[in-house]
Amino acid sequence: MITSDKKLNKTLSIVVPCYNEEESVPLFYAEAVKQEPFFHEKGIEFEFIFVDDGSRDKTAEVVKALRKEDERVHLISFSRNFGKESAIYAGFERAKGEIIVLMDADLQDPPALLPEMYSYIESGRDFVGTRRVDRKGEPPIRSWFARRFYGLMRNISKTDIVDGARDYRMMTRKVCDAILSMKEYNRFSKGIFGWVGFDIKWLEYENIERAAGETKWSFRKLFLYSLEGIMAFSTVPLALALFFGVLFCLLSIGALIFGIVRTAAFGEPFWGIPFVIFAVAFIGGVQLLCTGILGMYLSKTYLEVKQRPIYIVKEEL
Ligand code: UDP
Ligand code: MG
């Protein structure tokens, strides 16, 4: 049984969101503890916070088994699948450490990078992030859409959202508290991490494929997530509605003046039925588009206003 060591005066909280990761969790734990000697020398103890995001497999049992061996392992089980964003929030709330690191359970975030990340924290940085320099092993179509998404975000959002940035980040308590202070329900972590600021030190590494299990992100989920990001961190789509509104008002006034002048000067009939149908349909379409955009934001505001909890705990150890 591993118990907490009183000689160590600092804690590194390792927050691991897990959704159906029964195979990955033990592999992850085994790899992570290999980094412990380095941290012990610095007087730092590990604390593991596994957040079981409503897994349908034996993830919770596997974590409980680890907890029997190692009392520094903690488990939070959600009542259903709330999504990685909620799991991150719950993990951060429970983290007691002075330093916090967020890692995936599938070993795509290599624990071997922990000492290097820590070295930057030690030298005074508050936030260390990691980026993949390639997207090896990913379907090309997915990479293409991902790149378009980041390109778009750069143009329409003031928040710094970096292409290839992973959620594998180490931070000081200050940064963790700042993230926790953002209590919004629609959580887009990549945006939140950028929004809180602090001088991020980026470490780069090559993409690593999953150790076990399979990705939880279908193309559909990723697409919805990207919309989440756009709506959470940009109001440009709202301005777009305004832009089109103004543009078509001006155009219609122009058309009206043109029609009046033409009828007065040349006695020609005011535009025919087909034009009227076109105009009505076109303006109607634009209005619907704008209303749709408004509706999207409204639905987000609605959820926010309700102040629903970000997650619900079923069991906590
Ligand atoms: N995850 C989660 N809840 C979800 C989906 C994913 O907690 O609804 C966790 C998952 O168990 C993993 C991490 O988030 O530890 C990243 O997920 P995944 O590896 O499927 O994403 P990818 O690496 O393919 O982007
Ligand atoms: Mg993964």
Side-chain angles (χ1 to χ4, degrees), residues 13-32 48-63 66 73-95 100-111 113 129-143 145-147 149-150 161-169 185-190 192-193 205-226 228-229 310-315:
S13 300
I14 304 178
V15 174
V16 193
C18 307
Y19 179 49
N20 296 344
E21 302 282 9
E22 58 180 8
E23 292 164 70
S24 306
V25 165
L27 300 174
F28 171 82
Y29 176 81
E31 279 302 312
F48 290 92
I49 301 174
F50 289 97
V51 187
D52 164 29
D53 182 12
S55 299
R56 288 172 203 282
D57 64 0
K58 301 217 174 334
T59 303
E61 280 75 27
V62 170
V63 175
L66 285 179
V73 170
H74 302 271
L75 167 72
I76 305 165
S77 263
F78 287 176
S79 58
R80 65 169 170 85
N81 180 237
F82 278 86
K84 185 180 180 187
E85 308 298 310
S86 304
I88 295 173
Y89 193 87
F92 279 14
E93 264 190 332
R94 302 305 190 288
I100 297 95
V101 64
L102 175 64
M103 297 176 84
D104 283 3
D106 58 11
L107 287 175
Q108 277 189 305
D109 299 337
L113 224 54
T130 57
R131 311 178 42 182
R132 297 189 287 185
V133 283
D134 61 85
R135 291 178 168 271
K136 215 166 45 209
E138 192 182 63
I141 181 94
R142 180 176 289 196
S143 307
F145 274 105
R147 269 195 285 274
F149 169 72
Y150 286 107
I161 295 168
V162 180
D163 187 7
R166 294 200 45 96
D167 289 341
Y168 184 18
R169 287 157 193 256
Y185 178 79
N186 295 293
R187 301 187 73 77
F188 180 70
S189 287
K190 288 188 190 345
I192 290 175
F193 291 155
Y205 68 96
E206 282 186 14
N207 196 24
I208 300 165
E209 295 196 27
R210 242 177 189 283
E214 55 191 42
T215 177
K216 309 301 177 305
W217 294 93
S218 61
F219 191 77
R220 186 181 143 271
K221 255 180 136 178
L222 275 176
F223 179 72
L224 292 176
Y225 188 59
S226 67
E228 192 83 64
I310 296 165
Y311 59 88
I312 293 166
V313 172
K314 187 174 70 183
E315 186 181 18

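All of these numbers come straight from a predicted model, not from anything done at the bench. Just so you know, ligand 1 is whichever comes first in the structure, and atom 1 is the first atom listed for that ligand.
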Check your understanding: Strictly under 6.0 Å, is that where the ring centroids of F145 and F219 end up?
Key -> yes
Practice item. State whether the side chain of T59 and the backbone N or O of E21 hold a donor-acceptor pair below 3.5 Å, judged by distance alone. Key: yes
Practice item. Measure the acute angle between the ring planes of Y29 and F48, then classify it against the limits of 30° and 60° as parallel, tilted or perpendicular. Key: tilted
Review point. Do side-chain atoms of E85 reach the backbone of S189 as a donor and acceptor pair under 3.5 angstrom?
Key: yes
**Study point:** D167 and its salt bridge (charged side-chain N to carboxylate O under 4.0 Å, His left out) partner, picked from R131, K190, R132
**Key:** K190
Revision key, fill the gap. Taken by chain and residue number, the protein N/O/S atoms under 2.8 Å from the Mg ion (ligand 2) read D106 OD2, Q108 OE1
Practice item. Please check if the side chain of N20 supplies one atom and the backbone of R56 the other of a donor-acceptor pair under 3.5 Å. Key: yes
Check your understanding: Has R147 got its NZ or CZ under 6.0 Å from the middle of the six-membered ring of F149, at an angle within 45 degrees of the ring axis?
Key -> no
Practice item. Check for a donor-acceptor pair, side chain of D109 on one end and backbone N or O of D104 on the other, with a separation under 3.5 Å. Key: yes
Check your understanding: If you count only heavy atoms, which residues are under 4.0 Å from ligand 1?
Key -> P17, C18, Y19, E21, D53, N81, G83, K84, D104, A105, D106, Q108, R166, R210, T215, K216, W217, K221
Check your understanding: Do we see a donor-acceptor contact under 3.5 Å between the side chains of Y168 and Q108?
Key -> no
